[in-house]
Amino acid sequence: MPPEEGPRDFIRDIIDEDNRTGRFNGRVHTRFPPEPNGYLHIGHAKSICLNFGIAADYKGLCNLRFDDTNPAKEEQEYIDSIIEDVRWLGFDWKDRLFYGSDYFQQMYDWAVQLIGAGKAYVDDQTADEISNSRGTLTLPGKESPWRERSVEENLRLFEEMRDGRYENGTKVLRARIDMAHPNMNMRDPVMYRILKLPHPHAGDRWCIYPMYDWAHGLEDSIEGITHSICTLEFEDHRPLYDWFLDELGVYHPQQIEFARLNLTYTPMSKRVFREMVENGTVSGWDDPRLPTISGMRRRGYSPAGIRLFARRIGVAKVNSTVDLDFLEHCIREDLNRTSPRFMGVLRPLRVVIENHPEGKVEEMEVAVNPEDPSAGSRKVHFTNELLIEQEDFMESPPRDFFRLAPGREVRLRGAYLVTCREAVKRDGRVVELRCTLDPATRGGNVPDGRKVKSTLHWVSAAHAVGAEIRLYENLFTVEDPMGQAGREYTEFINPGSLEVLTDCKVEPALRALGPLDRFQFERLGYFCVDPDTTAERLVLNRTARLKDAWARKRDKGQGAPQASYARLGKEDRRSSERGTGRSSSP
RNA sequence: AGCCCCGUGGUGUAAUGGCUAGCAUAAGGGACUCUGGAUCCCUAGGCACCAGUUCGACUCUGGUCGGGGCUACCA
């Protein structure tokens, strides 16, 4: 990993101070500790980049550790996907892939130690009784009738719990702290529950499992973590994190909390993703509309773009919401400098070049990436029958429309300047353009220096290959679908979040690309090859549109101030309203 | 109501008692361009409020107002 230096933040300040005082002897050791109960998303990516990024900045280490203490929710499938996703993001934990469940024996021994010190006890109350006796935010809780059991009895009972002598829910081990504590987390929290369930990593060795609060600090301690970075909702848990470590007298990392990522138009919850996957709103955890890592990968987002985003948003303790546009901006920034260019036509319009002999094929040399001369050039075939974008032609254009119109001259990218002589119509619809080219402008160069207002992308009808192209829009119609008072997020699902175009025509060179390969269709946006692609069918995903000043100007003129080119798909909608024919099947 | 955390342009962030409050993005304008892309330039826009400490406060203290979190045998 390159250093990728970012702005300062309060966490690095804390680390600097610790280094200055020698608190951890100059060590910096973080960890990313997901629970394998779902797929990772952009919010996790922020945490991953933070933890691995800090380790890199300070020449320290960062572990990947599964916080797998609840076999009722965890699965191997998730373990596998998390490993794949973190690696894809570009991070390397070397030989430090750990599982909290590998420490269960040590945790058990420590629990015994706490019981021995009179700091933990076995409680026979039911879950309801425990909950009801916890008190409220303002009222103290009531002590359990089992709170004063002898150390010997607690030891025996705990051992019997471990040995499977009791059924689920009949007993728990609790820390003996203070049922009147103003911090609810300190009111004798549960440390172990009985769960007669096999564990995806530990197998069937255990039937009691530790709770998060008990386990997490111990995992950090065992691994020698210096700075245990987590999200804000664990702030109230820190006193407990500290209490366990102090009572045990073991190595004590510093927990630091930061604000989790919120994105406009984007729920960030495994629960919501799961529901959308299960009820078919999206096709799976890797649906390109989802902000899961796997979804973004399939959408065509690049690891470097995501890392750039994570670095730029910074980290703080204020709850905040980042504009989804900013994520797209960062993705575009990376894709712009790395993507090879191709031409492809989403909604084809036939163009016949009248003064170019039928059957004559010219090979044009076009740059692969104007941003990167070292990428070289490619060849595209030019013939007398071409395909251009329907929306690049208007029969009676407004003054600020720069593209093709009857009598207008434009450049065909890398080919010739052409002039539209006639628009052939059928049933009132423009179905073909008759154009002539200026032979002096071969390659797109203009020897006499005359200016044309625009350059269009095109493909040779005879050479182009068909493709299915999937266009994505925001999954939701409002910035905060979860925060709409009294209404369900399901009411705000965007029915137009996916549009499938099946009659697209693209450069044949795209055939050579493999699954997930990213590229730019000039003037259209960034795309990638969907894994659904087969030998017969090329399937492409639109990752993001290019910025489109014309679409913005046009939409503004039509009095649609909120219509962002990036959001509402005005462009697509309008072209179908115009009746130029939408070659899509919904 | 008790405990904890947090308030800097529209949005995301920087400043560590001392230059004109910086950067990014979004917005408006312009230049340039074989992508109406990219790039470059310009403009507008902010320290929640009130006291106090200090030569000097975004920064320290107190209060007010506002926002968030916490009552799982989840993490």
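Note that the structure is predicted; figures quoted are calculated from it, not measured.
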Query raised in the report: So what does A/R341 touch, heavy atoms closer than 4.0 Å: a base, only the sugar-phosphate, or nothing?
Result: base
Query raised in the report: Can you tell me how far C1' in B/rC49 sits from the matching atom in B/rG66, rounded to whole Å?
Result: 10 Å
Query raised in the report: Tell me: CG of A/D236 to P of B/rC70, nearest whole Å?
Result: 8 Å
Requested in this report: Write down the distance separating the P atoms in B/rG28 and B/rU35, rounded off to the nearest Å.
Outcome: 22 Å
Requested in this report: Answer yes or no: is there an ion pair linking A/D123 with A/R147, defined by an N-O contact shorter than 4.0 Å?
Outcome: no
Report task. With a 3.5 angstrom cut-off on both distances, give the Watson-Crick or G-U wobble partner of B/rU39, or none if there isn't one. Result -> B/rA31
Query raised in the report: In Watson-Crick or G-U wobble terms, both distances under 3.5 Å, what is the partner of B/rG7?
Result: B/rC65
Query raised in the report: Reckon A/R552 has a side-chain N or O less than 4.0 Å from the OP1 or OP2 of B/rG28?
Result: yes
Report task. Assign A/H457 to base, sugar-phosphate, or nothing according to its heavy-atom contacts below 4.0 angstrom with the strands shown. Result -> nothing
Query raised in the report: Which whole number of Å gives the distance between the P atom of B/rU16 and that of B/rA57?
Result: 16 Å
Query raised in the report: Do any side-chain nitrogens or oxygens of A/S320 fall under 4.0 Å of OP1 or OP2 in B/rU13?
Result: yes
Query raised in the report: With respect to the phosphate group of B/rC73, does any side-chain polar atom (N or O) of A/R134 fall under 4.0 Å of OP1 or OP2?
Result: yes
**Report entry** Any donor-acceptor N/O pair under 3.5 Å between B/rG36 base and A/R523 side chain
**Finding:** no
Report summary line: Between CH2 of A/W550 and P of B/rU33 the distance, given in whole Å, is 22 Å
Requested in this report: Using a heavy-atom cut-off of under 4.0 Å over every strand shown, decide if A/Q125 touches base, sugar-phosphate, or nothing.
Outcome: base
Query raised in the report: When the P atoms of B/rU53 and B/rC58 are considered, how many whole Å apart are they?
Result: 16 Å
Query raised in the report: When you check the side-chain N and O atoms of A/R518 and A/S302, is any donor under 3.5 Å from an acceptor?
Result: no
Report task. Would you indicate, yes or no, if B/rG28 has its OP1 or OP2 atom less than 4.0 angstrom from a side-chain nitrogen or oxygen of A/K553? Result -> no
Requested in this report: Using a cut-off of strictly less than 4.0 Å, decide whether A/H329 has a side-chain nitrogen or oxygen near OP1 or OP2 of B/rU25.
Outcome: yes
Query raised in the report: Which one, B/rC70, B/rC73, B/rG12, comes nearest to the side chain of A/V172?
Result: B/rC73
**Report entry** Distance-only polar pair, side chains of A/E219 and A/Y99, donor-acceptor under 3.5 Å
**Finding:** no
Report task. Have a look at A/V318 and say if it touches a base, only the backbone sugar-phosphate, or nothing, with a 4.0 Å heavy-atom cut-off. Result -> sugar-phosphate
Query raised in the report: Hey, does A/E35 reach any base, or is it just sugar-phosphate, or nothing, if we go heavy atoms under 4.0 Å?
Result: sugar-phosphate
Query - Pairwise P distance, B/rA26 and B/rC41 [rounded to whole Å] - result: 15 Å
Requested in this report: Inspect the contact between A/D220 and A/R65 and indicate whether a charged nitrogen and a carboxylate oxygen are less than 4.0 angstrom apart.
Outcome: yes
Report summary line: Separation of B/rC5 atom C1' from A/F234 atom CZ, nearest Å, is 15 Å
Query raised in the report: Just checking A/G141: base, sugar-phosphate only, or nothing, at a heavy-atom cut-off of under 4.0 Å?
Result: nothing
Requested in this report: Using a cut-off of strictly less than 4.0 Å, decide whether A/T138 has a side-chain nitrogen or oxygen near OP1 or OP2 of B/rC3.
Outcome: no
Query raised in the report: Where does the angle between the aromatic ring planes of A/F527 and A/F519 fall among parallel (under 30°), tilted (30 to 60°) and perpendicular (over 60°)?
Result: parallel
Query - B/rC47 - base-pair partner by Watson-Crick or wobble geometry, distances under 3.5 Å - result: none
Query raised in the report: Using the ring of each side chain (for Trp, its six-membered ring), is A/Y212 parallel, tilted or perpendicular to A/H237, with breaks at 30° and 60°?
Result: perpendicular
Query raised in the report: Below 4.0 angstrom from OP1 or OP2 of B/rC6, is there any side-chain N or O of A/R260?
Result: no
Query raised in the report: How far, in whole Å, is B/rG10 from B/rC6 if one measures between their P atoms?
Result: 23 Å
Query raised in the report: In whole angstrom, what separates A/R312's CZ from B/rU11's P?
Result: 20 Å
Query raised in the report: Looking at B/rU35, B/rC74, B/rC70, which one has an atom nearest to any side-chain atom of A/Q520?
Result: B/rU35
Query raised in the report: Within the structure, does a side-chain N or O atom of A/K171 lie under 4.0 Å from either OP1 or OP2 of B/rC73?
Result: no
**Report entry** Side-chain donor/acceptor contact of A/E257 with base of B/rG69 under 3.5 Å
**Finding:** no
**Report entry** RNA chain B: 5'-proximal contact among A/E522 and A/E235 (nearest heavy atom)
**Finding:** A/E235
Query raised in the report: Within the pair A/R337 and B/rU39, is there a side-chain N or O less than 4.0 Å away from OP1 or OP2?
Result: no
Query - Rounded distance in Å - CD1 (A/I194) to C1' (B/rC73) - result: 9 Å
Requested in this report: Give the rounded distance in Å between these two atoms: CZ of A/R413 and P of B/rG37.
Outcome: 13 Å
**Report entry** Spacing of A/R332 atom CZ relative to B/rA24 atom P, expressed in whole Å
**Finding:** 18 Å
Query raised in the report: Would you call A/F326 stacked on B/rA26, i.e. ring centres under 5.5 Å apart with the planes less than 30° off parallel?
Result: no
Query raised in the report: NA contact type, A/L232, heavy-atom cut-off 4.0 Å: base, sugar-phosphate, or nothing?
Result: nothing
**Report entry** Closest nucleotide among B/rA15, B/rC73, B/rC74 to the A/V190 side chain
**Finding:** B/rC73
Query raised in the report: When the C1' atoms of B/rA48 and B/rC40 are considered, how many whole Å apart are they?
Result: 37 Å
Query raised in the report: With a 4.0 Å cut-off on heavy atoms, is A/T126 in touch with a base, just the backbone sugar-phosphate, or nothing at all?
Result: base
**Report entry** Separation of atom CE in A/M184 from atom P in B/rC5, rounded to whole Å
**Finding:** 18 Å
Query raised in the report: Mapping A/G414 and A/K317 to their closest nucleotides on RNA chain B, which lands nearer the 5' end?
Result: A/K317
Requested in this report: Consider only side-chain N and O atoms of A/R523 and A/H457, and report whether a donor and an acceptor are under 3.5 Å apart.
Outcome: yes
Query raised in the report: Are a donor atom and an acceptor atom from the side chains of A/R411 and A/T455 found within less than 3.5 Å of each other?
Result: yes
Query raised in the report: Counting any heavy atom closer than 4.0 Å, what does A/F401 reach on the DNA or RNA strands: base, sugar-phosphate only, or nothing?
Result: base
Query - Euclidean distance for P, B/rC60 against B/rC19 (whole angstrom) - result: 16 Å
Requested in this report: Indicate whether OP1 or OP2 belonging to B/rA72 is found under 4.0 Å from a side-chain N or O atom of A/S131.
Outcome: yes
Report task. Anything under 30° is parallel, anything over 60° is perpendicular, the rest tilted; go ahead and classify A/Y209 against A/F104. Result -> perpendicular
Query raised in the report: With a non-hydrogen cut-off below 4.0 angstrom, is A/D213 in contact with a base, only sugar-phosphate, or nothing?
Result: nothing
Query - Donor-acceptor side-chain pairing of A/S228 and A/Q255 below 3.5 angstrom - result: no
